[in-house]
Amino acid sequence: MDHFLYRDGELFAEDVPVKEIAAQVGTPFYCYSTATFERHFRLFDEALEGTDHLVCYAMKAASNQAILKTLAALGAGMDVVSGGEYARAKAAGVPGNKIVFSGVGKTEDEIELALTGGIRQFNVESEPEMAAISAVASRLGVEAPITIRVNPDVDAKTHAKIATGKSENKFGIPISRAKEVYALAASLPGLKVIGIDVHIGSQLTQLAPFEAAYKKVAELTEQLRAEGHDIKRLDLGGGLGIPYERSNSAPPLPVEYGAMVKRVLGHLNCEIEIEPGRLIAGNAGIMVCKVIYVKSGEDREFLIVDGAMNDLIRPAMYEAHHDIVPVVEAEPGQEPAQYDIVGPVCESGDTFAKGRNMAQLADGDLIAFRSAGAYGAVMSSEYNTRPLIPEVLVKDDQFAVIRRRPTYEEMINRDSIPEWLDQTSD
Ligand SMILES: *Cc1c(COP(=O)(O)O)cnc(C)c1O
């Protein structure tokens, strides 16, 4: 459920007409709903009620400072995957002891940043990385809390680019080698082993792969405890999918996921951490665009809109589907139309949808891409020297620009000219 609903045929973000935001901010732009972010965070928090737990929002899904502050105010922890994200989490006021550091390639500088600023745990993904964390912690004279990310060799049954739990993927250490790697961790200085981490992929639409992975984690917990390791925290990753196509998909709900977690892992009395990103942010955001031209092709109509693959790359990168709706609904009785919806970028990949049935649209009409809150703005670029599009946050009847559109001048001035090209220096 989200808070982008029609009232009298017009799309609203909470209590604000989307048309009004477009008039003030210009298109294209991302628009987020505070109430939806809050609702989704609480669904996870409540799903784990009765167990010691922390919901660490995977901020790579949408990491604007205003979004982080909104979630931090509810008590959210953060899952970060870079030094930049760590700095963002701290800047939003999240204390170090609520920040989890994931990712396969943490550099020594990033490790030092986190150890100095405070960290809940590093999720370690390889032996060389473990050695690096041990070395930096020893040099700083501190102890680094770690879990080891295990790769359970489970098929997440999702898009290949976002499946992470099979043995051919770069993530984690094979679960078959876990005992050996935990023994190594226990022998290294500067490390404190506190738990196990697993994350098998994103946009999972069934519970079975999660359950298969968590059963392996439960077994491993008992084996490691028998070897003397103090396993008290289980980080279960993120990955629960969202209904991108309203008409025909219904992934499991957080409450069902939470019940499964308690059933499979409850007897271990571990603190449970989860790292949802997409489910918290995905349906909390839309991308609003304007139709520039309706162009007739040989055998189809193209809707050329002012947003493009550089603004929302998911269709080009993952063949992702986004529901696309008019901001002002068609009058009843109007003929439906079918469009290929494309952006202005000079690549055929810049296609959002093919043969999409929708109401007839004309130049200047506004459309909204639903479910664009996660992996939308954060993956955007300035390809074709198109400015990064603004982000807007709505709360009840208020809205604010939380990242403004840069000017052409700002974009150009980020480049610098070497002395030998600088005409004014001779
Ligand atoms: C991407 C990622 C997540 C979040 O995944 P979602 O599908 O957005 O919930 C969580 N943990 C790790 C380690 C990740 O890489």
Side-chain angles (χ1 to χ4, degrees), residues 37 40-41 43-45 47-48 54-63 67-68 71 76-82 84-86 89 98-106 110 114 119-126 129 146-152 154 156-166 169-173 195-207 209-210 213-214 217 233-244 251-254 257-258 261 272-285 314 317-318 320 371-379:
F37 269 107
H40 290 161
F41 174 80
L43 286 178
F44 277 113
D45 206 27
L48 293 175
L54 183 67
V55 179
C56 294
Y57 170 58
M59 63 182 274
K60 73 174 193 272
S63 58
I67 293 171
L68 302 187
L71 292 170
M78 298 287 157
D79 173 47
V80 307
V81 293
S82 71
E85 285 196 349
Y86 178 86
K98 281 188 166 177
I99 303 176
V100 170
F101 205 144
S102 301
V104 294
K106 303 172 200 77
E110 290 175 320
I119 191 77
R120 181 177 180 82
Q121 98 225 5
F122 292 97
N123 293 333
V124 177
E125 302 228 11
S126 67
E129 184 192 56
I146 66 161
T147 72
I148 294 172
R149 177 170 176 179
V150 293
N151 185 326
V154 164
K157 300 202 161 51
T158 184
H159 191 280
K161 283 187 184 160
I162 49 175
T164 59
K166 285 288 285 176
N169 302 128
K170 67 182 177 182
F171 300 97
I173 56 136
I196 305 173
D197 172 45
V198 69
H199 170 75
I200 58 172
S202 195
Q203 187 53 18
L204 272 70
T205 53
Q206 299 164 35
L207 286 184
F210 285 119
Y214 298 169
V217 168
R233 185 180 291 166
L234 302 178
D235 183 334
L236 304 178
L240 198 55
I242 64 170
Y244 280 102
L253 301 171
Y257 171 85
V261 165
I272 299 293
E273 254 167 27
I274 54 171
E275 305 168 342
R278 190 186 306 271
L279 202 146
I280 291 181
N283 283 324
R314 298 192 63 262
M317 183 128 138
Y318 311 112
S371 313
Y375 308 105
V378 285
M379 293 181 92

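One-based numbering, in listed order, for ligands and for the atoms of each. Reckoned from all heavy atoms, side chains included, excluding hydrogens, waters and symmetry mates.
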I'd like to check Q206 versus K157 (side-chain heavy atoms, cut-off strictly below 4.5 Å). Are they in contact? yes
Using a strict 4.0 Å cut-off to heavy atoms of R278, name the atoms of ligand 1 that fall inside it. 6 (P), 8 (O), 9 (O)
Give the residue, atom name and distance (to 0.1 Å) of the protein heavy atom nearest atom 7 (O) of ligand 1. S202 OG, 2.3 Å
Donor + acceptor pair across side chains of S102, N123 (<3.5 Å): yes
At under 4.0 Å between heavy atoms, what of H199 touches ligand 1? The answer is side chain
Going by the order shown, which atoms of ligand 1 are within less than 4.0 Å of some heavy atom of P276? 9 (O)
Could you list which atoms of ligand 1 come closer than 4.0 Å to a heavy atom of A58? 3 (C), 4 (C), 10 (C)
Would you mind reporting whether M317 and Y375 have side-chain heavy atoms less than 4.5 Å apart? no
I'd like to know if E85 pairs up with K60 as an ion pair, taking the criterion as any Lys NZ or Arg NE/NH1/NH2 lying under 4.0 Å from an Asp or Glu carboxylate oxygen. no
So, does G239 sit close enough to ligand 1 that a heavy atom of it is under 4.0 Å from the ligand? yes
Please compare K60, E275, Q203 and report which has the shortest non-hydrogen distance to atom 14 (C) of ligand 1. K60
For the residue pair L253 and L43, establish whether any side-chain heavy-atom pair is separated by less than 4.5 Å. no
Any P276 side-chain heavy atom under 4.5 Å of V55 side chain: yes
If the plane angle is over 60° it's perpendicular, under 30° parallel, otherwise tilted; pick one for Y86 and F101. parallel
Using distance alone, decide if ligand 1 has a nitrogen or oxygen within less than 3.5 Å of any nitrogen or oxygen in R149. no
In this structure, does ligand 1 have an atom that sits under 4.0 Å from one of the heavy atoms of F171? no
Would L279 count as a contact of ligand 1 if the rule is a heavy atom under 4.0 Å away? no
Which bit of N123 gets closer than 4.0 Å to ligand 1, counting heavy atoms only: side chain, backbone, both or neither? neither
Could you check whether any side-chain heavy atom of L240 comes within less than 4.5 Å of a side-chain heavy atom of F210, counting everything from C-beta outward? yes
Just jot down the ligand 1 atoms closer than 4.0 angstrom to any heavy atom of D79, in number order. 10 (C), 11 (N), 12 (C)
With a 4.0 Å cut-off on heavy atoms, does A61 reach ligand 1? no
Is the shortest heavy-atom distance from the side chain of I173 to the side chain of E125 under 4.5 Å? no
How about R120 and R233: do any of their side-chain heavy atoms sit closer than 4.5 Å? yes
Those atoms of ligand 1 less than 4.0 Å from some heavy atom in Y375: 1 (C), 4 (C), 5 (O), 6 (P), 8 (O)
Does G277, backbone or side chain, put an N or O under 3.5 Å from an N or O of ligand 1? yes
